[in-house]
Amino acid sequence: MSDHLARLNPEQRESVETIDGPLLVLAGAGTGKTRVLTTRFAHILLSRKAFPSQVLAVTFTNKAAREMRERVAAILGQPAEGLWLGTFHALAARMLRRHAELVGLNASFSILDTDDQMRLLKQVMEAARIDTKRFAPPALMAIIQRWKDRGLPPGRITAAEDSDFVAGRAKELYAAYQDRLRTLNACDFGDLLMHVTEILRGYPEVLAEYHRRFRYILVDEYQDTNLVQYLWLRLLAQGHQNICCVGDDDQSIYSWRGAEVENILRFEKDFPAARIVRLERNYRSTEQILGAAAGLIAHNTGRLGKTLRSGRNDARGDKVQVHGLWDSDEEARMVGERIEALRREGHASAEMAILVRANAQTRAFEERLITLGIPYKVIGGLRFYERQEIRDAVAYARVLNQPSDDLAFERIINLPRRGVGEQGLRAMHARARERSIPLTAAVMSLVEDGGLRGKVRDAMRGLLEGFARWRAGILQEGHITTMAVMLDESGYMEMWKQDKSVEAPGRIENLKEFVRALADFESIGGFLEHVALVMDNEQNADGDRVNLMTLHAAKGLEFDTVFLPGWEEGVFPSQRTMDESGLKGLEEERRLAYVGLTRARQRAIVSHCANRRIYANWQSSVPSRFIEEIPAEFVEMGGAGSLERERLLRAPSFGAQFPMMARRPQVQEAWEQPARAARADAIPVGTRVFHQKFGYGRVTASEDDKLDIEFEKAGAKRVLDRFVERA
DNA sequence: AGACACGGATAATCT
DNA sequence: ATCCGTGTCT
C-alpha cells in the first residue's frame, strides 16, 4: 500500500493522502497531475475507504478516462471494473437513462449529433415563421447551448439571462426546440448534464440515493468545467463533501465553449473548509523553457498564482529560439530543415510537434513535410464519427435500432437517391403529424393507400421491407453481419462505389472500418451509445511520425521538440478573439501560448513571418506581442545571422517592422489604455470610412475606440476604430 | 430531381 | 481562394 506513495513528492503526497473533505489541487503544467489523480483513486480503494463503485471520477475526454482506468488497474493489479469513471457526458447519460422519465423522456432516448440538432432547430424556426436567412440557426444554437452550459432550461431563463436575438423570441424558440426533442425522445449534448442537474435539484430522493452511492468524487481538468458541470458536481458533493478537483487556471483555454475559470474561485466559497495544494515542481521541461513560460503567463491578471520550478536536475537546456521569416513558405521551409537536422542527429520524429493556432495553418507544413519525405500525422481535424459517410451509416443503424427515429430516417430516406423530393417528404410529414405516428409508419401507410406512386412507392416499400428483414437478421446472423448486409442491400455502399470523386475510395474504407468497429459491442444500442459519446480519433498512432496539430489539441501532451509557428499579431493572438472578447480573450490567447511552450521538454522554436496570406491577399504582419513578453534572458533571436534575417532587414518595406525593432502600431496601446477618452485621431460621426472586411460605410456613433458604422453592403456593425480608415 | 450560379462567411471543438 | 447553403432553371 505504501508502494504507490513512495515515489511522490511532498505536495503530491499531500494531494493523495488528504482523502476526506474538499480539496483543490492547483497543478501546473508537467507537475504530475494525472499521477496524483490515479494514485489518489487507488489510495482510496486500497485504504478501504470505499468500494470501487462508490467513487465517482470525472474527466473531459475519453482518452483521459481510459488512461485513468488503465493506471488505476495497474496500481490495483486487477482490471478496474464497475467504476463510475468516465467523461462528464458519459456519466450524465448513464444517470439520465436511469431517471429519464422524470424529464419526460424514455430510457432509450437517443443522443443527437450536431447535424440533427441543427436541422431540428431550423425546422422549429421555420415553423415559427422566422426568416432563417436573417437569423442564422447556428447563431441561435450557440445561444441555446450557452444556456444549457449554464444549466438553464427554458423555464429558468430570467430577464437578465434572456437574449434579444431573433427579435426577443430566442427563449420561445428554445422552449419549442426542447418540446420537439422530448417528442422525439431525444437529447442533444447539452441536455445530458442539464437534465440530470434538473433531476438532482428537483427530486431530493434521487439526490439522496447518489449521496449514498458516491462517497468520493474526483475531477480532472477542473478549470474547464462549465457552470452546469459545476452545479452537478456541487449537488453530488453536498452530502459528504469529499470532492477533489484538480486543475490549472493558467491552462484554461476553452472559455468559448462555456468553461468558466471562475469555478476554481467559487470552489473555495462553496466549500469553505477546502484545502488547497499547489503542485509547482515541474518534471517535464528545462529551466529555460519554464522561465520563458512563467515570464509570459505573468502578464495575465487575476491568476491564482503558481510558480513552476524545475524538478529536474539535468542541464539548464537551450534558450527558446525565435525566428523571423519572410513569409509562411519560408517558415515552413525553416521548420522542415530543423526537423531534418534533428532527425539526422538521431531524434525521433514522434518526439517533435508543430503546434499551430488554427487548423488551416497545418497545410503549409504538410506540403513541406511531404516534399521532404518526412512522415507526419495530423492530430485532430475531422474525427471518424464526424465524417459524412459514417454519419450516414450511423443513421441507418439508428433506424434499425429504433424505427421511430425520425431524424435518422429523414437523413437516409434519399441516400442513395430514391426519388424522394421535397414534395414527397412534405406528404410524409403531413401524414405523420396528422396521425401522430413516426415517419417510417407514415411512409408505410402512404405506400399502402396510394399516397405515394410509381418509382418512389417501390423504393419506399423496398426500404421498409429491408429494415424489417434486417431487424430480423440481427437475431439470426448477429448485428455485425446484418450491418454489412444492410449497407449493401440498401444500395448505400453501391452509391459510393459509383462515385468517381477522389474521396470515394477512402469513404468505402471508412465504412468497412465502421462495420469492424461494431465487433467491440454486443448490440447496436450499445454501439450507438458509444458513437454518440465517444469521438475517438486514435488514427495511425503507429510509426515514428512528426506531430501536427492545433495548440488546443496539444493540451495534455508533451514532446522533446516543439515548433510554434505563426506568432504574429492578428494570427496569434487571434484578431477575432480580441475583437469578440477583448482583454479576456487576449488573456486566453496568452494561456494558449503558455500551453504551447510548456509542451516542450527540451527545445521550443517560435517563429513569425513578415508576410502572410490571409484568404486571397497577402498582408504584412507584425510579430506577436507574446514574443516580447518572454523575458529576454530565456530567448535566442534568429538563427544567428541567418539568411532570412538579413534579407528581412534589407527588405525596404518591412525592415522597419522586424522583430523588436519597431514600436508596434496602435494595437497594443489600445489594450493598455482602453478607456482613453476623446483621442486626437478620433473619427467624427458622419465620416465616410473603409473597412477591410465590410467595405464602405458611414460612422453613426462613437464610444471610446469603438465605432458604430452603417456599412453600405454589410449593414450596421460595431467595430474598433483601428480597423477602419477614412475613405 | 439535378445542374449550375450566386452570395456570404471564413477559429479553437475534450462530448 | 474556397467551401457551403440556397435559389433558379431545365
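Note on naming: letters A, B, ... go to the chains in the order of the sequence lines (proteins, then strands), and numbering restarts at 1 for each one.
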Where do A/Ala593 and A/Leu296 come nearest, in terms of heavy atoms and distance?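 Nearest heavy atoms, A/Ala593 then A/Leu296: CB-CD2, 3.5 Å.
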
What are the two closest non-hydrogen atoms of A/Leu105 and A/Cys187, and how far apart are they? CD1-SG, 3.7 Å

Measuring to OP1 and OP2 of B/dT15, would you say a side-chain N or O of A/Lys148 lies under 4.0 angstrom away? no

Please confirm whether the shortest side-chain N or O distance from A/Asn359 to OP1 or OP2 of B/dA11 is below 4.0 Å. no

Please report the distance, rounded to the nearest Å, between [atom1] in [X] and [atom2] in [N].
X	N	atom1	atom2	answer
A/Asp115	B/dT15	CG	C1'	15 Å
A/Asp224	B/dT13	CG	P	13 Å
A/Glu580	B/dA11	CD	P	11 Å
A/Tyr254	B/dA12	OH	P	11 Å
A/Lys555	B/dT15	NZ	P	12 Å

Less than 3.5 Å between a donor and an acceptor, one on the side chain of [X] and one on the base of [N], is that the case here?
X	N	value
A/Glu588	B/dA12	no
A/Thr577	B/dA11	yes
A/Arg357	B/dA12	yes

Hey, is A/Trp256 stacking on B/dA12? Ring centres under 5.5 Å, planes under 30°.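 Yes; by the centre-distance and plane-angle rule, A/Trp256 counts as stacking on B/dA12.
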
